2 protein chains.
Amino acid sequence: MSAVTITDVAARAGLSIKTVSRVLNNEPNVREKTRDRVLEAARALDYQPNLSARSLAGARSFLIGLFFDNPSPAYVYDVQLGAASRCRASGYHLTIEPVDTQADDLERVVRGIISTLRLDGVVLTPPVCDDDRVLRALEASGTPYVRMSPDRDLGRAPRVGMDDTRAAYEMTLNLIDMGHVAIGFILGHPDHGATNLRYKGFVEAMTSRGLVVNPAFVKQGLFSSQSGFDCAEAILNQPQRPTAIFASNDDMALGVMAAANRLKLSVPDQLSVAGFDNTPAASTVWPHLSTVAQPIFNMASAACELLISREAAVMVEGTWVSQLMDFEIIMRDSTCPPTPAL
Amino acid sequence: MSAVTITDVAARAGLSIKTVSRVLNNEPNVREKTRDRVLEAARALDYQPNLSARSLAGARSFLIGLFFDNPSPAYVYDVQLGAASRCRASGYHLTIEPVDTQADDLERVVRGIISTLRLDGVVLTPPVCDDDRVLRALEASGTPYVRMSPDRDLGRAPRVGMDDTRAAYEMTLNLIDMGHVAIGFILGHPDHGATNLRYKGFVEAMTSRGLVVNPAFVKQGLFSSQSGFDCAEAILNQPQRPTAIFASNDDMALGVMAAANRLKLSVPDQLSVAGFDNTPAASTVWPHLSTVAQPIFNMASAACELLISREAAVMVEGTWVSQLMDFEIIMRDSTCPPTPAL
DNA sequence: CAATCAAATGACAGCGCTATCATTTCTTGG
DNA sequence: CCAAGAAATGATAGCGCTGTCATTTGATTG
């Protein structure tokens with residue numbers, strides 16, 4: 001119920017509120033001694049600036065919005081942790097806005113959010129980051145935004161992401177180096193850009209080692225566990241079987257493991273399984289799933305960084321900032337060298 | 001970049017800004033015709049009130065905070081969807097604050113958040129809802145809050161939750177009605193209040209049907225998948241085995257399934273397994289897990305409802321509001337009647 | 001139809017801060 | 001030691017709304 005205002009701090013420090021404001025906003029032209037005096041008074045009074053007032057009077061709202069419409073709670077959760085931690089470090093706060101990319105009035109909803117909240121920036125996760133109506137609304141209002149792992153129209157705005165192709169490439173190489181030659185691949189949802197990138201990495205790795213991609217071992221999935229199950233059954237019910245299957249995401253990899261289970265194929269001895277995303281389930285299932293960890297936390301925190309520093313608000317030499325973060329290949333128990341006796 | 005203010009609306013409607021304000025805030029004493037005139041002008045101008053200004057001038061901030069420190073992304077995600085949907089319906093927004101219940105300066109952090117944001121209310125999820133420092137900070141600032149499924153000190157503040165005991169009771173009854181007599185139970189983490197409630201329901205159901213709880217079939221788990229695995233091994237490696245195991249949560253149930261797998265016991269034919277929480281993994285594993293679904297979305301939305309209507313701000317007859325929502329028993333493929341031949 | 005009172009509307013201050021511009025204080029060189 | 005410019009500080013006007021209280025309008029009565 002406290003209500004310590006900037007005026008109180010000014011009074012205690014024996015200075016004008018403007019000087020206090022300068023110190024609080026790290027503005028130049030304040031003597032060191034004065035700065036200390038202000039800081040001490042603020043600390044003594046446990047002063048907390050009123051966001052509404054700052055926002056109303058000034059140009060910044062100290063609010064970053066996070067828009068999502070994502071079927072994966074774990075992904076969103078990591079994004080939030082990364083974003084929130086970066087925001088808090090600079091006195092910003094995070095508001096979350098679940099949006100429905102299927103909705104008709106999406107554009108109006110987004111416009112409403114932007115103008116009532118006057119957000120300083122917005123972080124967009126897939127698939128919202130590829131929704132033209134959302135991007136248009138954001139651009140029309142002049143709100144800076146950063147896209148996380150966008151699929152399309154990459155040069156349209158600032159973005160952060162990771163190198164999906166190289167990650168898939170390296171995971172595949174791991175499998176090959178274990179001794180696998182016949183490796184199956186399950187594609188992700190066709191509407192998702194990562195689908196092609198990951199497949200590309202797979203193919204490149206195979207080719208680079210002089211291996212051939214058997215089309216019978218490549219199936220089109222939908223990123224869902226069920227689709228992984230179905231694809232795996234289709235692949236494994238053939239006379240010739242691969243000794244390893246690399247699924248484009250963990251959910252599908254879980255489906256693959258379930259299918260193997262049903263066919264009495266033991267993982268990893270008779271079939272190695274690799275996933276992508278490092279979802280919580282990957283380390284919960286038995287055996288633990290080998291997978292690729294996206295640097296979700298870091299991507300989100302980098303996105304906020306760009307927004308807060310306002311780097312995301314200006315083009316440099318005709319292009320927007322774009323950052324690729326490092327992924328991590330995590331080999332667990334669902335992969336091993338193939339058994340010689342087939 | 002639009003900047004339609006209340007003044008613009010007033011001008012267009014030919015009324016004072018105060019009258020416009022009245023309409024926008026659903027205040028009484030406005031003629032029907034006047035109200036329509038304002039609404040129409042606002043619509044024509046696509047007016048969006050400025051939250052900062054409303055908040056600075058008035059008593060409300062239109063901001064609800066969600067505090068969490070939860071290891072389960074799926075839970076938090078559902079909470080957010082429920083909370084956000086209720087908030088949006090009333091022009092409120094949700095800010096999220098991941099907090100660290102282990103941190104030393106937690107109290108200061110919470111105080112800071114409250115006073116800069118001037119939140120109209122806060123929703124607390126476990127385990128934050130049981131952290132005394134957080135509750136104290138909230139109470140000291142006079143910020144209304146609602147606890148979701150609190151463990152301790154139930155009468156201290158408004159809360160929403162579900163009847164864990166009855167849910168466990170009904171799930172157990174389902175198992176018994178299938179024909180199971182020897183049923184194992186894995187307790188949750190001893191620090192978690194739900195642990196006892198769920199166990200209580202289990203015991204009550206057994207007793208009510210004249211069955212005896214075999215202490216050798218009851219083990220203390222920790223809510224983790226690993227602990228479920230360990231407890232299941234301990235239970236199943238005895239000369240006498242139960243035909244079903246009811247784990248206090250899904251993660252442990254997954255561990256039970258993994259243990260059964262390793263012992264070559266097929267689920268559900270040789271061992272029925274039931275969980276609690278309906279995590280995403282429950283419908284991903286094979287066979288799909290029978291479990292209890294918490295009404296997370298509804299609880300969160302009810303929590304916001306209490307905050308927005310300000311019911312959470314006042315005691316009635318010496319007690320705070322408290323709402324128990326309906327759970328759902330979901331029987332899937334991990335349970336079936338016991339096979340006669342043991 | 002004037003008197004009375006409730007309902008409807010409006011004028012205006014001020015929420016706590018930042019932005020602009022004026023003023024004061026400090027440096028520095030001749 | 002003073003002028004001149006730079007650096008530091010302060011006075012004041014809003015930002016867009018809500019709260020308070022004054023004023024106007026309309027309904028109701030004898």
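Nothing here was measured: the structure is a model prediction, and the numbers come from that model. In what follows, chains carry the letters A, B, and so on, assigned in the order in which the sequence lines appear, proteins first and then strands, with residues in each chain numbered from 1.
As rounded to whole Å, 13 Å separates atom P of dC15(C) from atom CG of L56(A). Atom CG in N25(B) sits about 11 Å away from atom P in dC17(D), given to the nearest Å. Atom pair N50(B):CG and dC17(C):C1' shows a separation of 13 Å (rounding to whole Å applied). Atoms CD1 (I6(A)) and P (dA19(C)) sit 11 Å apart, rounded to a whole Å. D8(A) places its CG atom 12 Å from the P atom of dC15(C), with the value rounded to the nearest Å. Here the P atom of nucleotide dG16(D) and the CZ atom of R118(A) are 7 Å apart, to the nearest Å. Per the geometry, CD belonging to Q48(B) stands 11 Å off P belonging to dC17(D), to the nearest Å. Following rounding to the nearest Å, E27(A) (CD) and dT9(D) (C1') show an atom-to-atom distance of 12 Å.
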Please table the atom pairs, donor to acceptor, closer than 3.5 Å between any side-chain atom in residues 302-320 of chain A and protein atoms at least two apart or in another chain.
{"unit_1": "E305(A)", "atom_1": "OE1", "unit_2": "R86(A)", "atom_2": "NE", "d": "2.4"}
{"unit_1": "E305(A)", "atom_1": "OE1", "unit_2": "R86(A)", "atom_2": "NH2", "d": "2.7"}
{"unit_1": "S309(A)", "atom_1": "OG", "unit_2": "E305(A)", "atom_2": "O", "d": "2.9"}
{"unit_1": "S309(A)", "atom_1": "OG", "unit_2": "L306(A)", "atom_2": "O", "d": "3.4"}
{"unit_1": "S309(A)", "atom_1": "OG", "unit_2": "E311(A)", "atom_2": "N", "d": "3.3"}
{"unit_1": "S309(A)", "atom_1": "OG", "unit_2": "E311(A)", "atom_2": "OE2", "d": "3.0"}
{"unit_1": "T319(A)", "atom_1": "OG1", "unit_2": "V316(A)", "atom_2": "O", "d": "3.1"}
{"unit_1": "W320(A)", "atom_1": "NE1", "unit_2": "R156(A)", "atom_2": "O", "d": "3.1"}

Mind listing the side-chain donor-acceptor pairs of residues 14-25 of chain B below 3.5 Å, one per line with the distance, residues two or more places apart or on another chain?
{"unit_1": "S16(B)", "atom_1": "OG", "unit_2": "K18(B)", "atom_2": "N", "d": "3.4"}
{"unit_1": "S16(B)", "atom_1": "OG", "unit_2": "T19(B)", "atom_2": "N", "d": "3.3"}
{"unit_1": "S16(B)", "atom_1": "OG", "unit_2": "T19(B)", "atom_2": "OG1", "d": "3.3"}
{"unit_1": "S21(B)", "atom_1": "OG", "unit_2": "N25(B)", "atom_2": "ND2", "d": "3.4"}
{"unit_1": "N25(B)", "atom_1": "OD1", "unit_2": "R54(B)", "atom_2": "NH2", "d": "2.8"}
{"unit_1": "N25(B)", "atom_1": "OD1", "unit_2": "R60(B)", "atom_2": "NH2", "d": "3.3"}
{"unit_1": "N25(B)", "atom_1": "ND2", "unit_2": "S21(B)", "atom_2": "O", "d": "2.8"}

N/O contacts under 3.5 Å, protein versus nucleotides 9-13 of chain C?
{"unit_1": "dT9(C)", "atom_1": "OP1", "unit_2": "T34(B)", "atom_2": "OG1", "d": "2.5"}
{"unit_1": "dT9(C)", "atom_1": "OP2", "unit_2": "R31(B)", "atom_2": "N", "d": "3.1"}
{"unit_1": "dT9(C)", "atom_1": "O4", "unit_2": "R22(B)", "atom_2": "NH2", "d": "3.3"}
{"unit_1": "dG10(C)", "atom_1": "OP2", "unit_2": "S16(B)", "atom_2": "N", "d": "2.8"}
{"unit_1": "dG10(C)", "atom_1": "OP2", "unit_2": "S16(B)", "atom_2": "OG", "d": "3.0"}
{"unit_1": "dG10(C)", "atom_1": "OP2", "unit_2": "T19(B)", "atom_2": "OG1", "d": "2.7"}
{"unit_1": "dG10(C)", "atom_1": "N7", "unit_2": "R22(B)", "atom_2": "NH1", "d": "3.4"}
{"unit_1": "dG10(C)", "atom_1": "O6", "unit_2": "R22(B)", "atom_2": "NH2", "d": "2.7"}

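In this structure, Y47(B) reaches the sugar-phosphate backbone alone: every heavy-atom distance under 4.0 Å involves primed, P, OP1 or OP2 atoms, never a base.
N298(A) is linked by a side chain to side chain contact (heavy atoms under 4.5 Å, CB included) to P295(A), M325(A), counting only residues two or more places apart in sequence or in another chain. In this view, A44(B) and R12(B) satisfy the side chain to side chain contact (heavy atoms under 4.5 Å, CB included) rule, not counting sequence neighbours. For D130(B), the salt bridge (charged side-chain N to carboxylate O under 4.0 Å, His left out) partners are R147(B), not counting sequence neighbours.
Between S21(A) and dT18(C) there is a side-chain N or O to OP1 or OP2 distance below 4.0 Å.
Using a 4.0 Å cut-off between a side-chain N of Lys or Arg and a carboxylate O of Asp or Glu, D46(B) and R111(A) qualify as a salt bridge.
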